[in-house]
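Structure record follows, encoded as structure tokens.
Treat the numbers as computed from the prediction; the structure is a model and nothing was measured. Labels below follow one simple rule: chain letters A, B, ... track the order of the sequence lines, proteins then strands, and each chain is numbered from 1. Keep in mind that the numbers below use all heavy atoms, side chains included, and drop hydrogens, waters and symmetry copies.
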Protein chains: 2
Amino acid sequence: MKKKTTIYDVAEEADVSLATVSRVINGSNVVKKATRDRVLEAIKRLDFKPNQVARGLATSKSTTIAVVFPQSIFARVKDMIGGIGDTGRTLDYSLTMYTTDELGDSNPLEDVIERVVKSRADGVILFNSQDIEKGLQLTKQYNLPTAVIGQKTSDDNVCSVYVDAKAIGYELTKKYLDQGIDDILFVKARQNLIDLNSLHEGIKAAFVEAGKTFEDDRVITTSNEFEQAHNDFAKYLDSHKTPRVVIAGYDKEAVAFVQACDEKGVKIPDDLEIIGMVDSTYAIISRPKLTSVHLPIYDMGAVAVRMITKMLNEEEIDERAVCMKHTVVKRDSTKLL
Amino acid sequence: MKKKTTIYDVAEEADVSLATVSRVINGSNVVKKATRDRVLEAIKRLDFKPNQVARGLATSKSTTIAVVFPQSIFARVKDMIGGIGDTGRTLDYSLTMYTTDELGDSNPLEDVIERVVKSRADGVILFNSQDIEKGLQLTKQYNLPTAVIGQKTSDDNVCSVYVDAKAIGYELTKKYLDQGIDDILFVKARQNLIDLNSLHEGIKAAFVEAGKTFEDDRVITTSNEFEQAHNDFAKYLDSHKTPRVVIAGYDKEAVAFVQACDEKGVKIPDDLEIIGMVDSTYAIISRPKLTSVHLPIYDMGAVAVRMITKMLNEEEIDERAVCMKHTVVKRDSTKLL
DNA sequence: ATGAAAGCGCTAACAA
DNA sequence: TTGTTAGCGCTTTCAT
């Protein structure tokens, strides 16, 4: 493997000093046009690609953002990865990916953040998850600019982009309560882009407002596995009075519930109405098609990257916790909504 | 932001030279135990994290692998990302992700590979896609060790991990031909972990062997969009004789076809049998559940990373193009298979 | 407008 | 076993 062309080679080829080459590749405007052209030509001739690692060392910046996500959240965020990737590319940042869970590490997040620190990433994107708090504590400790996706939080070095989960819970619930329906079940998925605790609170708030109480036994937590969730739901239907409304934390679980209903002869939306979350392909695949709360997934990813870079460039940030708009997409799994 | 602790700080704190500190953090075994302990303690006390960027510059290695994927392949490969992530972590490699498509670049892959070169990634993982050839040509030009996922190919600096798509096509087809059924339709998804051209060849080969011909009009190419694909299939069923067997390049498209059948009153598996590919959640969600060709997705990702690292460490590689085993998982969408 | 030289934090000969 | 020193390829003052 022959050695790569360096800035010295270019300097020699163009008969200038390496400082001038550096100026040219960094777009400094003090270089005389003739010189610049000569350098540019040499760069092209030698097919010179500036070494980002060396640049990183010299500038103490890696122009790299670390993206840390639980592997299990992955399928749900493909569009978000799109938003992150596109935006990173546009802004000339590299994106290093770190997956958590799966591997039986004792402290995956801790381990990962240590790697991030070593890699000298300029910033990090964290997803809402169980142990997000510990993650934030660590990035704070290391002074690492952080963007959180899926949970409202902000701090000196922390921005976030999220959807107002509490409002979602409240709105959906209120719609039904207003029509005298309070027989609601909340299916809490294991983890998500939505802060399901807030959503839960929103439901409760609507109940309180109506002078009622949303009991804790109206919440069921499920597996990420479709088949497992499906079985759980089937069992639930066998052993409980069929609820009138189901609010599910993610479309996939909603589909599992729909199928369980189908098998138990529960008619949707006549006997039971169900609402999913995220508005993914699952919602469209489902029969009947799923009413779902649409989330601007791609944009959330893009905003996260943009926020990080703003922090890095010390640009003005008017809002450190950006709330993205959600919309309810009504399909065939509801009728009273 | 106070300056980060460097190897000098540690050296001073432990009262040794920086070389010794370097030895300790690199696990050299020439350091005397007492000294090592002193250094280790200083490292802990100062919370020193070795700067990978500087190390990269010094060693001319970044211990980074670039993972380049079309965004649209994403949902299909979440487990693969798991395999890549876990393996990378185990082997202490960072993974930089580059998404292609979506953005209206003229030459996404070219642009991306240029970035990869600048980042000085030690190697790159490429996914099977339309323009993979150009990608390979570029990585070859830059002498970048490359692992390809989803297509058999190998070269001096190129390894690959794939499934034998031709065999899959052949096997499935032969099973039906042997039973006198030759009314087969091939639904070619837009892109995939499987080389669908090879699969197509496999189907043809089985036909030839049976003294028949698999006509080109028995192939339909579809959109990645579920709804779009679904509509196309519905139209197809309206305007063509219903085929007896459908082989789909990916589960999602298979599900779309299943639903179109359902709406048109085509009974599965009695009137039509259908086989999906990958064995994803879609296969389980489908009603009837989908017979699908299971692919060891996670392992393919893991193998890809392992191969790259082997090339990088100049370890012995017995097979530069690794064929992974597929298995047909029979469910309810077939009966004669 | 350009060049010389120091330094970013580390590794790896080579010496001691 | 440990220390000294010369790079790795670039940016960035400071001179000129």
In whole Å, I'd like the distance from the NZ atom of A:Lys61 to the P atom of C:dG9. 13 Å
Could you tell me the separation between the CD1 atom of A:Ile7 and the P atom of D:dC10, rounded to a whole number of Å? 5 Å
Between A:Thr87 and A:Gly83, is there a donor-acceptor pair closer than 3.5 Å when you use the side chain of the first and the backbone of the second? yes
Among C:dA5, C:dG9, D:dG3, the nucleotide that comes nearest once only the side chain of B:Thr20 is considered: D:dG3
What nucleic acid atoms does A:Val30 come within less than 4.0 Å of, heavy atoms only: base, sugar-phosphate, or nothing? base
Do other residues, nucleotides or ligands put more than 12 heavy atoms under 6.0 Å from B:Lys152 NZ? no
In whole angstroms, the gap separating P of D:dT16 from NZ of A:Lys32 amounts to 20 Å
Looking only at atom types and distance, does a side-chain atom of A:Ser22 sit under 3.5 Å from a main-chain N or O of A:Leu18, one as donor and one as acceptor? no
Please check the phosphate of D:dC8 (OP1 and OP2 only) for any side-chain N or O of A:Asn51 closer than 4.0 Å. no
Among D:dC10, D:dG9, C:dA5, which is the nearest nucleotide to the side chain of A:Ala19? C:dA5
For atom CG of B:Leu18 and atom C1' of D:dT4, their distance in whole Å: 9 Å
Can you measure B:Ile43 atom CD1 to C:dG9 atom P for me and round it to whole angstrom units? 16 Å
Nearest to the B:Tyr8 side chain among C:dC10, C:dT2, D:dT4, which nucleotide is it? C:dC10
Between A:Asp37 and A:Thr35, is any side-chain donor less than 3.5 angstrom from a side-chain acceptor? no
Using a 4.0 Å heavy-atom cut-off, does A:Val16 contact any base of the nucleic acid, only the sugar-phosphate backbone, or nothing at all? sugar-phosphate
Looking at D:dG3, I'd like to know if its phosphate oxygens (OP1 or OP2) sit under 4.0 Å from a side-chain N or O belonging to B:Ser17. yes
Out of D:dT11, C:dT2, C:dT11, which has the shortest distance to the side chain of A:Thr59? D:dT11
Starting from C1' on C:dG3, measure out to CG on A:Asp15 and report it in whole angstrom. 12 Å
Nearest listed nucleotide, side chain of A:Thr35, among C:dG7, C:dG9, C:dA1: C:dA1
With a 4.0 Å limit, can you tell me whether B:Ser22 has a side-chain N or O closer than that to the phosphate oxygens OP1/OP2 of C:dT11? yes
Just do the salt bridge (Lys or Arg N to Asp or Glu O under 4.0 Å) check on A:Lys4 and A:Asp9 with the steps written out, would you? CA-CA 9 Å; A:Lys4 293 231 182 233; A:Asp9 304 325; over 6 Å; no
Distance in angstrom units between A:Phe48 CZ and D:dG9 C1', rounded: 8 Å
B:Asn29 vs B:Ser60, nearer the 5' end of DNA chain D by closest nucleotide: B:Asn29
Look at the side chain of B:Ala58 and decide which nucleotide, out of D:dC14, C:dT11, D:dT2, has an atom nearest to it. C:dT11
Whole angstroms only, please: what is the CZ-P distance between A:Arg23 and C:dG3? 8 Å
